[in-house]
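Each remark here refers to the structure printed beneath this line.
Note: hydrogens, waters and symmetry copies are ignored here, and every other heavy atom, side chains too, is used.
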Amino acid sequence: MYHVSGVFGIARSRFEISGVTTEDYPTLEMRVGGVISRTLGSKLKIKSGLAFCFRAKRKPYLTNGNYYGSGVPLLLLDETASKKNHFAIELPLHLNYPLSIVKTN
């Protein structure tokens, strides 16, 4: 028997850089998709699906030639995170098999 479900998520995604000081570049991220799963035998469960992902562009830290971020200005990463929308398709495959723990007295 197959089980069908939907997925939806909203998150705050970020690029995190460690250097002299820590800098992060937060962006809004959303996912929407569907999942189908099936149990094989008595324990093995297979789950797969399709999700469409969108990461929104944001206001850059570099404005009018002035950098409004903390720490070291990493301009290429700021440009990547701020000037472009990012789209992706995920095709996850999960295999789930529970392990039994045997207790002895």
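Taking Ile, Leu, Val, Met, Phe, Trp and Tyr as hydrophobic and joining them when side-chain heavy atoms fall under 4.5 Å apart, one finds I36 in a cluster with Y2, V4. Under a 4.5 Å side-chain heavy-atom criterion applied to ILVMFWY residues, the cluster that includes V7 comprises V35 as well.
In this structure, CG in L50 is found 5.5 Å from CG in L91, a value given to the nearest 0.5 Å. Taking CD1 from I10 and CD from E29, the interatomic distance works out to 11.0 Å, rounded to the nearest 0.5 Å.
Every residue two or more places apart in sequence or in another chain that forms a side chain to side chain contact (heavy atoms under 4.5 Å, CB included) with L93 is listed here: I46, S48. Looking at residues two or more places apart in sequence or on another chain, you find a side chain to side chain contact (heavy atoms under 4.5 Å, CB included) between L99 and Y97. Shown here are the ring pair (Phe, Tyr, Trp, His ring centres under 6.0 Å) partners of F54, two or more places apart in sequence or in another chain: F87.
Annotation: salt bridge (Lys or Arg N to Asp or Glu O under 4.0 Å) contacts involving residues 34-46, sequence neighbours excluded, are absent.
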